[in-house]
Amino acid sequence: MADHPLDADIRRRITLAGPMPVWQFMQLCLAHPEHGYYVTRDPLGRSGDFVTSPEISQMFGELIGLWAAQVWQQMGAPENIRLVELGPGRGTMMADALRAARVAPEFRKALVVHFVEISPAFQQRQKQILADVGVPVLWHRSFEEVPAGPLILLANEFLDAMPVHQAVKQINGWYERVVEIDGAGHFAFSLGPEPLPLFEQLVPRQLRDAPIGTIYEWRPDAFPLELARRVMREGGAGLIIDYGHVASGDGETLQATGRHTYADVLSTPGEVDLTAHVDFDALSRALETMGVSVHGPLDQGTFLRRLGIEKRAATLKSAIATPEKAKEVEAALARLTAADTTGMGRMFKVIAFSAPKLGVLPGFES
Ligand code: SAH
């Protein structure tokens, strides 16, 4: 696929500068300003590469909207609130959330929506879907651009698209995993030239004696630290939903998906989605460093049930005339909450963080 512009660009960089960290490869594949996966296409929906919770059912966004309204109440109902969403995709979750929030008109009056989105195509879609919601919306390319002020932050399937570093254990330490061009001219995994300094002290305790070849993945803490710093300084809360693990561990979770099936991570850069699990343990440790209260992580199924998804499904079903539509609601409820492999109820986790004075957030009561 050397004729693909991103393939050619990555080759050029490696030829000129040497093997690149997996982290940078992932970053270019997803977010290269011209040829990145998210920049060039809409991968969502049934005919795309993957389906996310808000695309499965309106219930998801509606419950998140009511969650945000409740959090705003707990904040003391400030007159101005920034409702920030990271990576809103088609904007479906926000559209459903704002519709549900009609039951809280004071909240709707107080809010300005801030979308953080790198994809111009998605920005267009978001403009369309939110054209008539009656709430002002602003767009940014990064979270840092969101102006100061109290905020409620939402992110569904955003962090898994943030690039990961990988390190591989060797006899004399941990080496950064890199991408090189092999003898046959293909992209291939390799190791950085020397061990990462002081890395033994950074890996989780249970990995200190890990066998040779063990892979450890991590994301830089800078981003969660920035989110938490904003909430500490300006007030508010954040809700992060993604798939991942609750305990930091070893092993590779970086994977490629295209057209609903697994693909090779290296061979078609920019053509397939690359994701890696969110390490919720590392995430909550980073957030806590800044002094915010961390709530959860919880399974998505538990969280949605506590927010009342079963009742919402029953109401929807009774409002819908046809048996087929009622079956669709049933199927969506199962898909969003089931704990087995057919559902997203257990694989997906929910974590929240807030200014400490807010107390327990909805859904996280013990
Ligand atoms: N939250 C949506 C979409 C998830 S897909 C849903 O649940 O359906 C990931 C989203 O993050 C897309 O909108 C993608 O364009 C955006 N995105 C990916 N990397 C980004 C980055 N570095 N900065 C801002 N947005 C990004």
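Remember, it's 1-based here, ligands and their atoms both numbered in the order they're listed.
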Which atom pair, heavy atoms only, marks the closest approach of [X] to [Y]?
X	Y	answer
Pro150	Met75	CB-CE, 3.8 Å
Arg208	Lys169	O-NZ, 3.7 Å
Asp96	Ser57	OD2-O, 4.4 Å

Using a strict 4.0 Å threshold on nitrogen-to-oxygen distance, state whether Lys109 and Glu106 make a salt bridge.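 Between Glu106 and Lys109 there is a salt bridge, with a charged N closer than 4.0 Å to a carboxylate O.
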Answer yes or no: is there an ion pair linking Arg229 with Glu226, defined by an N-O contact shorter than 4.0 Å? yes
Which of the atoms in ligand 1, numbered in the order shown and given with their element, are less than 4.0 Å from a heavy-atom of [X]?
X	value
Phe122	12 (C), 13 (O), 15 (O)
Glu157	4 (C), 5 (S), 9 (C)
Met162	19 (N), 20 (C), 21 (C), 22 (N)
Ser119	15 (O)

With a 4.0 Å heavy-atom cut-off (strictly under), which part of Arg90 contacts ligand 1: side chain, backbone, both or neither? neither
Taking the cut-offs as 6.0 angstrom to the six-membered ring centre and 45 degrees off its axis, would you call Arg11 and Phe187 a cation-pi pair? yes
Do Gln74 and Gln70 get their side chains close enough for a donor-acceptor pair, meaning under 3.5 Å?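 Yes, a side-chain donor-acceptor pair sits under 3.5 Å.
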Quick one: do the Thr257 and Asp273 side chains pair a donor with an acceptor below 3.5 Å? no
Could you tell me whether some N/O pair between Ala161 and ligand 1 is separated by less than 3.5 angstrom? no
If you measure every N/O of Gly89 against every N/O of ligand 1, is any gap under 3.5 Å?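 For ligand 1, there is an N or O atom that lies under 3.5 Å from one belonging to Gly89.
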Of the listed options (Asp160, Thr92, Thr52), which comes nearest to atom 6 (C) of ligand 1 when hydrogens are ignored and any heavy atom counts? Thr52
Could you pull out, from Leu154, Ile118, Ile241, the option with a heavy atom nearest to atom 17 (N) of ligand 1?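 Heavy atom nearest to atom 17 (N) of ligand 1 belongs to Ile118.
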Any atom of ligand 1 sitting under 4.0 Å from a heavy atom of Pro54?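 Right, Pro54 reaches ligand 1.
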Of all the heavy atoms in Met93, does at least one lie under 4.0 Å from an atom in ligand 1? no
